[in-house]
Amino acid sequence: MNAPGEPDLREVDPEIFGLIEAEDRRQRDSLRLIASENYASKAVLQATGTSLTNKYAEGYPGRRYYEGMECVDPIETLAIDRAKELFGAEHANVQPYSGSPANLAVLLGLCDPGDTIMGLSLPAGGHLTHGWKVSATGIYYNAVQYGVRQSDHRIDMDQLRDLAREHKPKLIWCGHSAYPRLLDFAAFAEIAAEVGAYLAADIAHIAGLVAGGVHPSPVPHADAVTTTTHKTLRGPRGGLILCKEAHAAAIDKAVFPGLQGGPHNHSTAAKAVAFREALQPSFKVYAAQIVANARALGEALMGRGYSLVTGGTDNHLLLVDLTPQGVGARKVARDLNRCGIELNANSVPFDTRSPFDPSGLRVGLASLTSRGLLEKDMPGVAEFMDDAIQGSIKAGKKRIPSALAEALGAKIREFLGDFPAPGL
Ligand SMILES: *Cc1c(COP(=O)(O)O)cnc(C)c1O
């Protein structure tokens, strides 16, 4: 039973309550195209807001340092079993607080400080935690970065092989935050095997596509697979590591006590719920629809004269290259946000502009697909984007005129009225 007469959030903290309500409204009313975001289901959100946040549970199911695990142990065990089933993995650790700690745990578990590691460079679409210099992974490890080919902006497997032979890395990362094509995990594994390196696949962005069977799985090929649970997978904010049984003890020890303390049990429960949702046949339909929508939006944008990195997409994201328009993407992205179109400026391969004002717009389709938009709706989305981008360019250094931004925002709100936002 609840404590009688306990005031709720609205009464206790009207400021925070009001801001959360405003955020709900913002997410409902805007065209959410940030490639790393999604709408978690109501069930996932419910699991996160529970008494599980009150509980300490250092250790693993059956091997804890505290009492009172009657409910937390079965919850974590369900999350582990479902993750293993969903991805066909030998071992799962569901405790990483997020994607970055999951990656650090893999390095802590499989490498020694100072070891050489390799990863796709940030400007080529890689992630900070794959050895970029400002990240702990680039500070504590000797990171060598590979890239994409200048000719077609696809990952340069020849360069990767040459660099791997030269530097003999202990571990090679594959995975990305901004690469619109499929990854050939078998080819990465072959190179890793040739030089005696571990292969770690980071599927943070594409986990939902892998789970839904529309992107090849790295699980048979990689020593360890990391992911966030909140991107295409539609779970709560969190991380997950899958690995071969041979690495299970090292990975578990790296997560706890190596890197983390008590697991976030409310997140673990919500991960279990998300894995259950992703195990349903409807999730395969969802994953395929994300890719179909991305392709359709790409076609519609190219039809309006926009240039896409690699000329299209195989996954959930597009990179629009504004180099031909001769403008920086940062100001355009800000103006789009004023119109209710949410996306982010992103470097394109071999970008001549600075990372703070790069040439690309990164566009992801997971969120709109969660709202039920289909291919037929993508020409409309492209039109909103085009109107806003042209309005922004025409305004030059000045912000997009508010009359235009408000008119577009109103049209978008009306358009989205037919597509309820899950969880809100
Ligand atoms: C998002 C992302 C991460 C980091 O996830 P956080 O939860 O933000 O720490 C790691 N790797 C890749 C490839 C990502 O896209």
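Throughout, residue positions are numbered sequentially from 1 according to the sequence presented.
Between His176 and His127, the ring centre distance reaches or exceeds 6.0 Å. Close placement of the His264 and Tyr97 rings is indicated, their centers lying within 6.0 Å of each other. The aromatic ring centroids of Phe185 and His215 lie less than 6.0 Å from each other.
The two residues Leu424 and Asp24 come nearest to each other via the heavy atoms CD1-O, 3.6 Å. Residues Phe283 and Ala211 share a closest heavy-atom pair of CE2-CB, 4.3 Å. The shortest heavy-atom contact between Pro220 and Lys244 is O-NZ, 3.4 Å. In plain terms, the two heavy atoms of Leu318 and Ala294 that are nearest each other are CD2-O, 3.5 Å. Taking both residues in full, the closest heavy atoms of Ala105 and Val255 are given as CB-CG2, 3.7 Å, listed atom of the first, atom of the second, then distance. What you find for Ala300 and Pro379 is that their closest heavy atoms are CB-CA, 4.1 Å.
Interatomic distance, Thr50 OG1 to Leu45 CG, rounded to the nearest 0.5 Å: 11.5 Å. Rounding to the nearest 0.5 Å places CD of Glu58 at 9.5 Å from CD of Gln95. Between the CZ atom of Arg181 and the CG atom of Leu317 there is a distance of 10.5 Å, given to the nearest 0.5 Å. With rounding to the nearest 0.5 angstrom, the CG atom of Leu171 is 9.0 Å from the CG atom of Asp115. The distance from the OG atom of Ser392 to the CG atom of Leu336 is 7.0 Å, given to the nearest 0.5 Å. Distance check: Leu52 CG to Thr268 OG1 gives 8.5 Å after rounding to the nearest 0.5 Å.
Between the side chain of Asp314 and the backbone N or O of Leu182, at least one donor-acceptor pair lies under 3.5 Å. At distances below 3.5 Å, at least one donor-acceptor pair connects side-chain atoms of Ser370 with backbone N or O atoms of Ala366. Side-chain atoms of Ser347 do not come within 3.5 Å of backbone N or O of Asp351 as any donor-acceptor pair. Remark: the backbone N or O of Met69 is not paired with any side-chain donor or acceptor of Lys55 at under 3.5 angstrom. Side chain of Asp377 to main chain of Leu374: a donor-acceptor pair is present (N/O by atom type, distance under 3.5 Å, no hydrogens or angles). Side-chain atoms of Tyr39 come within 3.5 Å of backbone atoms of Gln27 as a donor-acceptor pair (strictly under, hydrogens ignored). Counting only distance, with no hydrogens or angles, the side chain of Thr116 and the backbone of Pro169 share no donor-acceptor pair below 3.5 Å. In this structure, Asn293 contributes its side chain and Ile290 its backbone to no donor-acceptor pair below 3.5 Å. Between the Asn315 side chain and the Tyr179 main chain, a donor and an acceptor come within less than 3.5 Å of each other. A donor-acceptor pair under 3.5 Å is absent between the side-chain atoms of Lys42 and the main chain of Pro422, judged by distance alone.
With 3.5 Å as the limit, one finds a donor-acceptor pair spanning the side chains of His91 and Asp252. Side-chain polar atoms of Ser100 and Ser98 form no donor-acceptor pair below 3.5 angstrom. Side-chain contact of Asn103 with Asp202: a donor-acceptor pair under 3.5 Å is present, judged by distance alone.
Taking the six-membered ring where the residue is Trp, Trp173 and His130 present parallel rings, their angle staying beneath 30° rather than reaching 60°. The aromatic rings of Tyr198 and His247 sit perpendicular to each other, their planes meeting at more than 60°, with 30° as the lower class boundary.
Val363 is not listed as a side-chain neighbour of Leu368, based on a closest heavy-atom distance of 4.5 Å or more. Leu408 places none of its side-chain heavy atoms less than 4.5 Å from the side chain of Arg338. Between Phe256 and Pro263, every side-chain heavy-atom pair lies at or beyond the 4.5 Å cut-off. Looking at Thr310 and Arg154, their side chains come closer than 4.5 Å, going by heavy atoms from C-beta outward. Put simply, the side chain of Arg32 reaches to within 4.5 Å of the side chain of Glu37, judged on heavy atoms.
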Could you check Tyr60 against Asn93 for side-chain hydrogen bond (donor to acceptor under 3.5 Å, both in side chains), going step by step and ending with a plain yes or no?
CA-CA 9 Å; Tyr60 290 99; Asn93 187 307; 2.9 Å; yes

key: Worked verdict on Ser367 versus Ile34 for side-chain contact (heavy atoms from CB on, under 4.5 Å)   = CA-CA 8 Å; Ser367 299; Ile34 293 182; over 6 Å; no

*Would you sort out whether Glu85 and Arg276 count as a salt bridge (charged side-chain N to carboxylate O under 4.0 Å, His left out), showing the intermediate values?*
CA-CA 10 Å; Glu85 184 185 349; Arg276 184 189 168 100; over 6 Å; no

request  = Give the intermediate values and the outcome of side-chain contact (heavy atoms from CB on, under 4.5 Å) for residues His230 and Asn38.
outcome  = CA-CA 7 Å; His230 49 274; Asn38 210 328; over 6 Å; no

Report the C-alpha distance between Asp112 and Lys170 in whole Å, list the side-chain angles of each, state the deciding distance to 0.1 Å, and finish with yes or no for side-chain contact (heavy atoms from CB on, under 4.5 Å). CA-CA 9 Å; Asp112 292 314; Lys170 183 79 169 284; 4.1 Å; yes

Go through the steps for Arg28 and Leu416 under the test side-chain contact (heavy atoms from CB on, under 4.5 Å), then give the verdict.
CA-CA 8 Å; Arg28 212 178 281 127; Leu416 289 174; over 6 Å; no

May I have the step-by-step check of side-chain hydrogen bond (donor to acceptor under 3.5 Å, both in side chains) for Tyr306 and Asp386, ending in yes or no?
-> CA-CA 9 Å; Tyr306 289 97; Asp386 190 20; 2.6 Å; yes

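A salt bridge links Arg26 with Glu342: the closest approach of a Lys/Arg side-chain nitrogen to an acidic carboxylate oxygen falls below 4.0 angstrom. Using a 4.0 Å cut-off between charged side-chain N and carboxylate O, Asp357 and Arg353 make a salt bridge. Ion pairing of Arg413 with Glu406 is absent here, as no side-chain N (NZ or NE/NH1/NH2) approaches a carboxylate O to less than 4.0 Å. With respect to Lys411 and Glu414, no salt bridge is recorded, no charged nitrogen being found less than 4.0 Å from a carboxylate O. Under a 4.0 Å N-O distance rule, the pair Asp335/Arg399 does not qualify as a salt bridge.
At most 12 non-hydrogen atoms from other residues, nucleotides or ligands lie less than 6.0 angstrom from OH of Tyr56. With a 6.0 Å radius and a threshold of 12 heavy atoms from other residues, nucleotides or ligands, Glu23 has its CD atom above the threshold. Other residues, nucleotides and ligands place more than 12 heavy atoms under 6.0 Å from the CZ atom of Arg304. No more than 12 heavy atoms of other residues, nucleotides or ligands shown are found within 6.0 angstrom of CD on Glu15. Within a 6.0 Å radius of CD in Glu245, more than 12 heavy atoms belonging to other residues, nucleotides or ligands are found. More than 12 heavy atoms of other residues, nucleotides or ligands shown are found within 6.0 angstrom of CZ on Phe419.
When each of Ile341, Ile389, Asp321 is checked for a side chain to side chain contact (heavy atoms under 4.5 Å, CB included) with Leu361, only Ile389 meets the rule.
Figure legend: cation-pi geometry between Arg234 and Tyr286, with NZ or CZ positioned under 6.0 Å from the six-membered ring centre and within 45° of its axis. Arg330 forms no cation-pi arrangement with Phe356, by the criterion of a distance under 6.0 Å to the ring centre and an angle within 45° of the ring axis.
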